[in-house]
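Structure, as structure tokens:
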Amino acid sequence: MSTVGDQHSSAADRFRRWISLDTPSGALLLIAAVVAVIWANSPWEAAYHSLAEFEFGPESLHLHLSLEEWAADGLLAIFFFVVGVELKQEFVMGSLRQPKQAGVPIAAALGGMVVPALFYVVIVGVGDPDALNGWAIPTATDIAFALAVLAIFGRGLPLALRTFLLTLAVVDDLLGITIIATFYTETIDFLMLVIALALIVVFAFLVRMRKTHWWMLIPVAVAAWGFMHASGVHSTVAGVLLGFVVPAKYVHGEKESRTHRFDDAVRPVSSAVALPIFAFLAAGVTVVGTDAELIQPVSIGIFLGLVVGKLIGAMGVTALMTRFTPLRLPDSIGVRDLLPVGFLTGIGFTVALLIDELSFVDTDPHAEASKTAILVGSLVAATLAALWLRWDARQTRAADMNRDNVPDRNIDVIGG
């Protein structure tokens, strides 16, 4: 019996490790989105929308929500918990700890958010000012999708590309959550918010104890999420804050940081459950047979913001920072090598769909056009990035990967 149990445990562990990798998690996310789009444009589209709009939950706790809302407010909080843990690890022990190394990608993240927003504001401000509240939609970068495309098509390229993209995307997500909390919160119940923050403090105390117990942590985390939702602040903010209070430094003589341990425990749930279900329920845009006008200032602003604005913002700021400040890129890469990464930042998808749902309700005339633009823009950005990555991978010479006429030494590569 123990052998059978060990085999099951080993298989489960292998699956958890596998689904946490960039390629399978991104592929599962893509499959969920494709299935949703196909179903929403099939003869059974009514069944899809009925499923997404099915409501359940206690009304007294402000939790009588549709499946789509449960995915956006509940399951996506799991994803943002992983983001919070990752942020904590990077700020305390990782690439964000040293300003000289993190300065360029942080600046690139800022540029990659400001310029797409300007694209949207200019285009929509002229053509459809009533839809300006969607200005933040093209500012987002989907970590899972972007890293998956890089892992598949960037094999053999310097590992510094992944580090740059990861740092940029993590900062992008932090800024995205800040935007959601600041600009997409209409009314705040301060009593509920104070209770939520108090519960996060309790979680921070429990997660620092010598022995941590899931049966203590999960109820407190769920309660913090519930009160954050009731406060009017988007509940994914609770996910980030809960992740951010997990200690990144070694405590109680442990040989592994708790940020790593919690990341390993929760990331498979995020990759295999939370993100695919959210993508499935959020990406089902009906295009076939619809009377909605899909080409309008909103969709043009989002598409150009993702495909063009992200590239110009992220890479333009990178070029300026490396030229006019003391900040520099790693020896193995140059600004030219980062161009496909600029396209990767245009893969908005998950966070873009979340901001879209906060900007336009399903009955809004802009809703279908904006979601379609997110899907098409993310697909085009991913395709351009993939083609450029393969081109670079074929052209790269190991002796001088960034072609700066300075021989590289001991360069780690993606997939190497």
Side-chain angles (χ1 to χ4, degrees), residues 20-22 25-26 79-116 139-151 154 157-179 240 243-244 246 248 257 259-260 263 267 270 310-322 325-351 381 385 389 401-402 411-414:
S20 298
L21 297 174
D22 296 338
S25 61
F79 164 71
F80 279 106
F81 174 84
V82 175
V83 171
V85 168
E86 196 166 31
L87 275 169
K88 182 63 172 292
Q89 177 66 27
E90 292 299 320
F91 271 115
V92 177
M93 303 293 289
S95 59
L96 296 178
R97 180 169 58 99
Q98 298 180 350
K100 288 184 178 180
Q101 293 183 9
V104 177
I106 289 174
L110 289 168
M113 298 187 80
V114 171
V115 175
T139 65
T141 295
D142 188 297
I143 293 179
F145 254 147
L147 290 177
V149 173
L150 181 62
L157 292 174
L159 190 61
L161 290 177
R162 187 187 186 280
T163 304
F164 185 95
L165 175 62
L166 180 62
T167 304
L168 186 155
V170 165
V171 174
D172 189 293
D173 273 348
L174 175 62
L175 295 174
I177 282 293
T178 303
I179 288 173
V240 171
F244 205 76
V246 176
S257 69
T259 47
H260 273 136
D263 186 282
R267 186 178 293 274
S270 173
K310 275 287 192 180
L311 176 69
I312 293 175
M315 295 302 97
V317 168
T318 299
L320 291 173
M321 293 294 289
T322 54
T325 75
L327 298 176
R328 292 292 179 266
L329 295 168
D331 290 339
S332 59
I333 59 174
V335 175
R336 157 63 184 81
D337 302 282
L338 289 170
L339 288 177
V341 173
F343 282 118
L344 287 174
T345 64
I347 304 176
F349 201 68
T350 304
V351 182
L389 286 168
M401 284 186 161
N402 61 338
I411 297 301
D412 293 326
V413 297
I414 298 170

Which residues pass the ring-ring contact (aromatic ring centres under 6.0 Å, His included) test with F81, sequence neighbours left out? none

Which heavy atom in [X] sits nearest to a heavy atom in [Y], and how many Å separate them?
X    : Y    : result
V317 : A107 : CG1-O, 3.3 Å
A248 : S257 : O-CB, 3.0 Å
G26  : A148 : CA-CB, 3.6 Å
G111 : P116 : O-CD, 3.9 Å

Could you grab the distance from atom [atom1] of [X] to atom [atom2] of [Y], nearest 0.5 Å is fine?
X    : Y    : atom1 : atom2 : value
T139 : L175 : OG1   : CG    : 8.5 Å
T345 : L168 : OG1   : CG    : 6.5 Å
I143 : D22  : CD1   : CG    : 10.0 Å
E90  : L174 : CD    : CG    : 12.0 Å
M315 : L320 : CE    : CG    : 11.5 Å

Only one of Q89, K88, E86 passes side-chain hydrogen bond (donor to acceptor under 3.5 Å, both in side chains) with T259; say which it is. Q89

Passes side chain to side chain contact (heavy atoms under 4.5 Å, CB included), F343 versus L339? Steps please. CA-CA 7 Å; F343 282 118; L339 288 177; 5.6 Å; no

Out of the candidates L150, L311, L147, only one should pair with L344 under the side chain to side chain contact (heavy atoms under 4.5 Å, CB included) rule; please name it. L150

Without swapping roles, check the side chain of [X] against the backbone of [Y] for a donor-acceptor pair under 3.5 Å.
X    : Y    : answer
D142 : I347 : no
D173 : V170 : no
R328 : T325 : yes

Do [X] and [Y] come close enough that some side-chain heavy atom pair is under 4.5 Å?
X    : Y    : value
T350 : F145 : no
L329 : L338 : yes
M321 : T318 : no
F80  : V351 : yes

Partners meeting side chain to side chain donor-acceptor pair (under 3.5 Å) with D172 (sequence neighbours left out): T141, K310

